[in-house]
Number of protein chains: 2
Amino acid sequence: MGSEPEDEAGGPQRVRRRRATAGGGAVMADVARRAGVSGQTVSRVLNDHPRVRPETRERVRAAMRELGYRPTASARTLASGRSRTLGVISFDAARFGPAATLAGINEAAQEAGYLVSTIALTAADQAAVRGAVDRLLGQGADGIIAIAPQHSVGEALVEADHGRPMVTLDKSFGARFPVVAGDSASGARQATEHLLRLGHRTVRHIAGPVGWIAAEARVDGWRAALKDAGAEAHEPLFGDWSADSGYDLGRRIAHDPDATAVFVSNDQMAVGVLRALHEAGRRVPEDVSVVGYDDIPEAAHLLPPLTTVRTDFAEIGRRCLSLMLDQLERTPEPGVRVTIPTELVLRESCGHLFRGSARQAQG
Amino acid sequence: MGSEPEDEAGGPQRVRRRRATAGGGAVMADVARRAGVSGQTVSRVLNDHPRVRPETRERVRAAMRELGYRPTASARTLASGRSRTLGVISFDAARFGPAATLAGINEAAQEAGYLVSTIALTAADQAAVRGAVDRLLGQGADGIIAIAPQHSVGEALVEADHGRPMVTLDKSFGARFPVVAGDSASGARQATEHLLRLGHRTVRHIAGPVGWIAAEARVDGWRAALKDAGAEAHEPLFGDWSADSGYDLGRRIAHDPDATAVFVSNDQMAVGVLRALHEAGRRVPEDVSVVGYDDIPEAAHLLPPLTTVRTDFAEIGRRCLSLMLDQLERTPEPGVRVTIPTELVLRESCGHLFRGSARQAQG
DNA sequence: GGCCTTGATGTTAGCGGTAACACTCCCCCT
DNA sequence: AGGGGGAGTGTTACCGCTAACATCAAGGCC
């Protein structure tokens, strides 16, 4: 090639340090040399600066292509203080809701040219949350999106405060960062009112675990609907979101002949409830009506197909991202709270309570 | 404070550039000054070098704590060429299998002190895969784990080759990188043989989409089991993994009175199949036996509880990570292929075919 | 026509770490 | 006593890129 830089004779011959680029590829200086410009001009091309002559720009671009040049993110981050990386802290990443939200965030981030680093936490203790925030920030994340479905996580986030933008999901208190959430209270109300309209005297509730924001909002929505209708409110039964727990709690309800309508806080638990009712010989919807929450893709094919409250998780993810971008690139509105509407999807798991028997009520 | 470095009088006063650290926190030099050592010693403490006197180490640690020092990853990456970040390319991240695998990877990565950057792809075309690889490498990922469930993705990965370590999931050909996969062929064989042992003359198959490696391996395993038993093999029906498609295809099978046993390539489709059979008035397991695949958490609570093939997705994720670490930190074995065993979980969706009727067969 | 813009590009000095090497001590051995 | 060697620490030169400033040519203005 003949383009090796000459070492001045006799100078102390230092070992060339290993390059930081992947596969030892070209670096900016190589591109600059090849295009016959300075490194700064290459940098300008890279960053779409307007003050570069079109032909120079093209020459640099060509050199980049020919050398297979790939900018080194760590160097750019170090020099500019921006990484175009977003950190995401998530819990329970294998469950449908969080997973779908995460997918939405990822997709939107990609479109906006950001990379996403995810830390999936299992424990919700403050040390874990703080550690995750630290690692993400240390990594240079420009901002953090935290799925904070439990009060404890929300509190830990406030504790672990830092200078960078943050968006949280679900977290219900404190106007410190923007929050995105599905409208759980309203969804629960819709579900409950639907069941009441079908003639049920009251509606039982199988709730998500205590301390979970969405779970508690659904309890509130359910309770409010009952109160408005002057219906009795039994104490809710608290599950852990799993079909297993839905089954266990469903059996308790199945053995209570007064129970004719159940609102379950998510579809997975509803699966277990349907089984418990079936095994106890109580027909759905003839004897008992069931409404779930989330509208998982399987909900339409359960036996019977499940009436449920749909949340657009992908939209939640997208809104998180757009709020984050607002903070990063535009003027942030402080303390925004975005609520994603829900929709009751009518299927076959609910029936009229009518002369002790029931007819199917279809949307 | 009094610790501001003095500018020599009259020197050209340059504006201090914005710090790259989050929230303008302390940097290594600050820690060094406070602990009364050089930056290099701080670096040694940070990296657990053995050659530091315990009391010095403690002094440095104290200084770090007091200043809330957080090392800047981009600087470390730039200087060392290692980022302790792994890139993950995933598809279909909202489905149970991939999501659970991803969770396993994340968890294992965290334990090993690595951060994970995920790119979720929707299209499997070469440009998308190549772009994802580029972005991950540009970000400084030390290695890439690619969930490559389709042939096309595997091919694209080979094309997008690069110098860094890689581990792929499912990808069936080419010994270029280590591969981890659930043992789909064996799982399918177990399922099929189980049904045959119950007395079914043959077993129908609802398969995953063409081009998906796991789907095709399950077809192969199913076909092999039938062949060994000398049973007739109907042409499989190809779904798209969704409960919707399972329902559509299930209806075709439901209307065929000869069909007494169905092996479905995943549990979601099996949900649809169960519904289709139910609606057609065919009882499970009395008239038709059904086996699914994956053992999603809801499988035990379907009506009837679904016999299925369990794969330990978390283990798959962990193995991916350990293979990656082998490549990064130890002597890599080239072209390893790790197969995660499967287990047939017996529940109530299968019955003996016996005098035209069926009795339950329970493990 | 000299002076001030403006556009295009180059030069310099970092960003915050780490690798390689240099330099002290201090102990041990002969 | 002299020297070898290792433990502990400091010095220097980068890693690859970008911000700030400097430079330089071409053009507009009075």
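Each chain gets a letter, A, B and so on, in the order its sequence line appears, and its residues count up from 1. Keep in mind that this is a model prediction, so the values were computed, not measured.
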Can you tell me the distance, in whole Å, between the CZ atom of Arg76(B) and the C1' atom of dC17(D)?
20 Å

Show the numbers, then the answer: is there a side-chain contact (heavy atoms from CB on, under 4.5 Å) between Leu321(B) and Leu86(B)?
CA-CA 9 Å; Leu321(B) 208 94; Leu86(B) 260 25; 3.7 Å; yes

Test side-chain contact (heavy atoms from CB on, under 4.5 Å) applied to Arg65(B) and Arg61(B), step by step:
CA-CA 6 Å; Arg65(B) 265 195 305 278; Arg61(B) 289 243 168 85; 4.1 Å; yes

dT9(C) OP1/OP2 closer than 4.0 Å to side-chain N/O of Thr56(A):
yes

What contact category does Thr41(A) fall into here, base, sugar-phosphate, or nothing, at under 4.0 angstrom with non-hydrogen atoms?
sugar-phosphate

Could you give the CG-to-C1' distance, from Asn47(B) to dG16(C), as a whole number of Å?
13 Å

Could you tell me whether the side chain of Leu169(B) reaches within less than 4.5 Å of the side chain of Val179(B), counting heavy atoms only?
no

d(CZ, Arg59(A); C1', dA8(C)) in whole Å
12 Å

By the 4.0 Å heavy-atom rule, please label Val37(B) as base, sugar-phosphate, or nothing.
sugar-phosphate

Roughly how many Å is it from CE in Met28(A) to C1' in dA19(D), rounded to a whole number?
13 Å

Can you find a donor-acceptor N/O pair under 3.5 angstrom joining the side chain of Arg44(A) to the base of dG10(C)?
yes

Which one, dT11(C), dG17(C), dT18(C), comes nearest to the side chain of Gln40(A)?
dT11(C)

Please determine, by modelled atom types, if Thr85(B) and Gln139(A) share a side-chain donor-acceptor pair under 3.5 angstrom.
yes

Base, sugar-phosphate, or nothing: which does Val52(A) touch, judged by heavy atoms less than 4.0 Å apart?
sugar-phosphate

Return no unless some side-chain N or O of Arg53(B) is found under 4.0 Å from OP1 or OP2 of dA7(D).
no

What's the closest nucleotide to the side chain of Leu78(B) if the choices are dC17(D), dG17(C), dG16(D)?
dG16(D)

Any donor-acceptor N/O pair, Thr72(B) side chain to Ser74(B) backbone, under 3.5 Å
no

Counting just side-chain N and O atoms, does Thr72(B) come under 4.0 Å of either OP1 or OP2 of dG17(C)?
yes

Measure CZ/Arg33(B) against P/dG16(C) and give the value in whole Å, please.
12 Å

Rounded distance (Å) that lies between atom P of dA19(D) and atom NE2 of His49(A)
6 Å

Counting only side-chain N and O atoms of Ser38(A), is one of them less than 4.0 Å from OP1 or OP2 of dT9(C)?
no

Roughly how many Å is it from CG in Leu67(B) to P in dG16(C), rounded to a whole number?
14 Å

Between C1' on dT18(D) and CZ on Arg82(A), what's the gap in Å once rounded to a whole number?
13 Å

First encountered from the 5' end of DNA chain D, between Ala75(B) and Pro54(B)
Pro54(B)

